[in-house]
J.: 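Once you've had a glance at the structure underneath, I'll fire off some questions.
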2 protein chains.
Amino acid sequence: MKKKDKNTEQVILLAARKVFIEKGLAGSRMQDIANQAGHNKALLHYYFTSKNKLFDIVFEQEIGSFFSHLAGILAEELPLFEKIEKIVSLDIDRLTQLPGMPNFIINEMNQNPDVILKRLKKIPVEMILGNFQKQVNAEIKMGAIRKITAQQLLINIQSLCIFPFIARPMVRGIFQMDEKAYLAMMQKRKTEVAAFIINAIKV
Amino acid sequence: MKKKDKNTEQVILLAARKVFIEKGLAGSRMQDIANQAGHNKALLHYYFTSKNKLFDIVFEQEIGSFFSHLAGILAEELPLFEKIEKIVSLDIDRLTQLPGMPNFIINEMNQNPDVILKRLKKIPVEMILGNFQKQVNAEIKMGAIRKITAQQLLINIQSLCIFPFIARPMVRGIFQMDEKAYLAMMQKRKTEVAAFIINAIKV
DNA sequence: CTAAAATTTAACCAATTGGTTAAAAATATT
DNA sequence: AATATTTTTAACCAATTGGTTAAATTTTAG
């Protein structure tokens, strides 16, 4: 006896992801998602019960992806400066491939902070930051870098990588860049941001 | 003959600003704005014709405020390092007082990039960046700081100041901070971020 | 092959939404 | 004070929205 068709479910999820990332929860319409999926709107309810349920699944997938990506890099066994270079490079490449995703996460997260707060309450900081924190503290102890918490260093790295992506229209507008020039700039930032950070912390 | 009542207009605009900043354009309802203003919904149409017209005015006010604030600081006659310290300090204080504003601007800007791109097309870069750029270039020439464009320096400063505010729920969640701890951290960042940046660029 | 189960659809529904209309109320003018 | 003008309101409207229902279609099981 065939359970619900996984393929249809996946098609709907992909469509929902696209529409939600573009328009956000408040701005997305079930009919638009149905159109994107190439199915009847009632089918969305058959598989996912409600708009909010569908959204929750999509949001959870994006958040999960973000955190596993982050934790993965932070946990790598690399010298600190090389790790910073790698984080920055991977972050910028990844964000270049997922244009709407950071703004989507940030905005939805701000619309409903409790969701993310509750979710993260269940995850010990150490799971994300543990290895990185040890590494940063060891470098400080060795006198190789200035005193800074792993926390602040991570916030700064992510700030420098992510913000220019979500501020894209403003950056392009202020500096009169077309899309091509903007993307070239972001590629250049891969090494520039890493150097900026390393120069900021190295003794 | 009395023209339209400026006070009612202002009351509506303030209400609209509050609701739009909290919910965004797509998530805001004219009835909610009317409730917030303490007036009948039809009055919003009498004064502002449509939801979109009302939004445009509010958005323009917020954007105008953002840019005049930015240009003001950048134009100040201060030594570069002191200017950086001041920018960071004022940014963080300002963002602390306007919790929802950055996410509002960023999200709406991403929903409709053309609006901001068109608006900024009319503003020469030099108006915002001119003095700052000259200053940065002079410091480079003197060998006081590393080579960096004023553009990238400004992006980095704003990244480090703004992003932790819009990423608030995530930062709080990852690092298990309550609101008080988060605000204390942001206050501490006033000097830490400035030092980070200065250390990043000084020779 | 038949019947049961699952999937998909078209039609429908109640609520909400931005906006309109006309009357009531307030203010300004003469 | 009477009248004209402006502001404000309650009631109304058409369209849209998320969701429901029942029938049609497809798939599965025996």
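Below, read A as the first sequence line, B as the second, and so on, with proteins coming before strands; counting in each chain starts at 1.
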J.: With sequence neighbours left out, which residue pairs that include part of residues 126-140 of chain A fulfil the side chain to side chain donor-acceptor pair (under 3.5 Å) condition?
T.: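 Sorted pair list: A:Lys83-A:Gln135.
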J.: Below 4.0 angstrom from OP1 or OP2 of C:dT8, is there any side-chain N or O of A:Asn40?
T.: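 No, because none of the side-chain N or O atoms of A:Asn40 sits under 4.0 Å from OP1 or OP2 of C:dT8.
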J.: Distance check, rounded to the nearest 0.5 Å: A:Ile201 atom CD1 versus A:Leu80 atom CG?
T.: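 Separation between the atoms: 5.0 Å.
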J.: Can a side chain N or O of B:Tyr46 be found less than 4.0 Å away from OP1 or OP2 on C:dT20?
T.: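 Indeed not, no polar side-chain atom of B:Tyr46 lies that close.
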J.: Expected output is a numbered-order residue list: members of residues 13-37 of chain B with a heavy atom under 4.0 Å from any atom of DNA chain D. What is it?
T.: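 Hits under 4.0 Å, by residue number: none.
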J.: Is any side-chain N or O of B:Thr8 closer than 4.0 Å to OP1 or OP2 of D:dT8?
T.: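 Answer is yes, contact under 4.0 Å.
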J.: Among D:dT8, C:dG19, C:dT8, which is the nearest nucleotide to the side chain of A:Leu43?
T.: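 So the side chain of A:Leu43 is nearest to C:dT8.
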J.: Are B:His45 and B:Met30 packed together at the side-chain level, in the sense that at least one heavy-atom pair is separated by less than 4.5 angstrom?
T.: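 Yes; the side chains approach each other to less than 4.5 Å.
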J.: Does A:Lys118 reach the main-chain N or O of A:Pro113 with its side chain, forming a donor-acceptor pair under 3.5 Å?
T.: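 Checked: no pair found.
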J.: For the pair made of CD in B:Glu9 and C1' in D:dT6, what is the distance, rounded to whole Å?
T.: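 Taking CD of B:Glu9 and C1' of D:dT6, I get 14 Å after rounding.
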J.: From the list C:dT8, D:dT7, D:dG19, which nucleotide is the closest neighbour of the side chain of A:Lys51?
T.: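 Of the options given, the side chain of A:Lys51 lies nearest D:dG19.
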J.: Salt bridge between A:Glu85 and A:Lys190, side-chain N to carboxylate O under 4.0 Å?
T.: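 No salt bridge links A:Glu85 with A:Lys190.
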J.: Report all interatomic pairs (protein N or O, nucleotide N or O of nucleotides 13-15 of chain C) with separations under 3.5 Å.
T.:
none

J.: Tell me, do B:Leu98 and B:Phe165 make a side-chain contact under 4.5 Å, heavy atoms counted?
T.: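 Of all side-chain heavy-atom pairs linking B:Phe165 with B:Leu98, none is under 4.5 Å.
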J.: Hey, are the side chains of A:Ile174 and A:Met170 touching, using non-hydrogen atoms and a 4.5 Å cut-off?
T.: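 A:Ile174 vs A:Met170: side chains touch.
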J.: Once you round it to whole Å, what is the distance between P of D:dT26 and CG of A:Asn7?
T.: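 Spelled out: CG on A:Asn7 to P on D:dT26 is 17 Å.
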J.: Between P on C:dG18 and CZ on B:Phe55, what's the gap in Å once rounded to a whole number?
T.: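 From B:Phe55 CZ to C:dG18 P: 14 Å.
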J.: Any side-chain N or O of A:His45 less than 4.0 Å from the OP1 or OP2 oxygen of D:dG18?
T.: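 For D:dG18, neither OP1 nor OP2 has a side-chain N or O of A:His45 closer than 4.0 Å.
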J.: So if I take every side-chain heavy atom of B:Ala42 and compare against C:dG18, C:dT20, D:dG19, which nucleotide ends up nearest?
T.: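 Minimum distance to the B:Ala42 side chain belongs to C:dT20.
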J.: If I take atom NZ in residue B:Lys53 and atom C1' in nucleotide C:dG19, what distance separates them, rounded to the nearest angstrom?
T.: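 To the nearest whole Å, that distance equals 12 Å.
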J.: Side chains of B:Arg29 and B:Val19: closer than 4.5 Å at any heavy-atom pair?
T.: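 The answer is no; the side chains never approach within 4.5 Å.
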J.: Atom CG of B:Leu44 to atom P of C:dT17: distance rounded to whole Å?
T.: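 Rounded to whole Å, this separation is 14 Å.
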J.: Please confirm whether the ring centroid of B:Phe55 lies under 6.0 Å from the ring centroid of B:Phe20.
T.: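 Yes, they do, as the ring centres are separated by less than 6.0 Å.
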J.: Tell me whether the side-chain N or O atoms of B:Lys41 pair up with the base of C:dG19 as donor and acceptor below 3.5 Å, since no angle test is needed here.
T.: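 Indeed there is one.
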